[in-house]
Amino acid sequence: MERYVKERYELAAQTLSKKLERRNFEVIICQNLEEAKQKALSMIALDKTVGFGGSITIEKSGLIEALYQRNQQLIDREKTETLEERHRVMKKALTADYFLTSINGISEDGQLVNVDSVGNRVAALTYGPDKVVAFVSMRKVYGDVDTTLEMVRKNTAPLNAHRLGLEKTPCIKKGNCGDCLQSECICNTIAITRRSMTKNRIAIFLILEDIGL
Ligand code: SF4
């Protein structure tokens with residue numbers, strides 16, 4: 001990454017962190033994904049359970065492998081064999097001590113914007129786990145909340161649809177979101193988290209790198 005991009009991200013992260021803290025979010029600024037992983041590992045107590053939703057950023061960080069290596073108790077839907085078991089494990093993850101996730105977009109005034117398919121990710125962000133560890137690249141800070149929502153719907157969601165290999169939705173056929181209501185649709189819940197009721201329950205790891213969709 002160019003030096004001037006990093007400098008800009010650094011300044012913007014300092015500004016954004018104050019806005020996020022006013023909304024009761026904890027903020028950890030990280031130079032890169034590796035630093036985010038190490039800081040998350042030291043935040044998570046060894047004797048606690050950890051659940052997670054689908055997140056490329058979390059996957060790429062290697063955090064889940066590192067937790068397995070130190071024998072953390074993980075609630076892992078990827079280890080299941082049937083759809084029924086997968087849903088049971090996803091429900092269990094909603095009561096984990098910690099939940100790992102990423103955020104689709106953050107507005108410049110510090111609101112979290114997420115579009116979810118099943119809804120387990122935004123459910124855990126909203127209520128359940130005692131602590132949420134959320135990784136997000138500074139590239140995902142888009143502007144006001146309407147602009148952020150627009151970017152997430154027009155850009156992130158269609159990219160996710162392609163990543164997941166959907167077949168029939170407008171974003172697959174034409175490349176752009178068609179605000180579909182099809183059975184394959186992955187944009188079923190749109191959630192804006194304005195504030196955390198419990199101070200520091202949601203820890204936002206602001207990463208000064210271009211990562212994620
Ligand atoms: S076309 Fe449907 S699945 Fe694709 S991004 Fe839009 S709402 Fe989501």
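The basis for the numbers below is simple: all heavy atoms, side chains too, and nothing from hydrogens, waters or symmetry mates. First listed ligand is number 1; within each ligand, the first listed atom is number 1.
Side-chain contact between Q14 and I29 is present, with at least one heavy-atom pair separated by less than 4.5 Å. D210 is listed as a side-chain neighbour of Y9, based on a closest heavy-atom distance under 4.5 Å.
Electrostatic pairing of K37 and E34 counts as a salt bridge here, judged by a charged N lying under 4.0 Å from a carboxylate O. Look at K48 and D130 and you find no salt bridge, because none of the NZ, NE, NH1 or NH2 atoms lies under 4.0 Å from a carboxylate O.
Residue-and-atom listing of protein N/O/S atoms under 2.8 Å from atom 2 (Fe) of ligand 1, sorted by chain and number: C180 SG.
Per-residue contacts place R153 under 4.0 angstrom from the following atoms of ligand 1 (heavy atoms of the residue considered): 7 (S).
Panel note: side chain Q73, backbone V50; no donor-acceptor pair is recorded below 3.5 Å.
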Using the rule given for side-chain hydrogen bond (donor to acceptor under 3.5 Å, both in side chains), can you reason through N104 versus R121, listing the C-alpha separation, both sets of side-chain angles and the distance that settles it, and then say yes or no? CA-CA 11 Å; N104 292 137; R121 193 167 57 90; 2.9 Å; yes

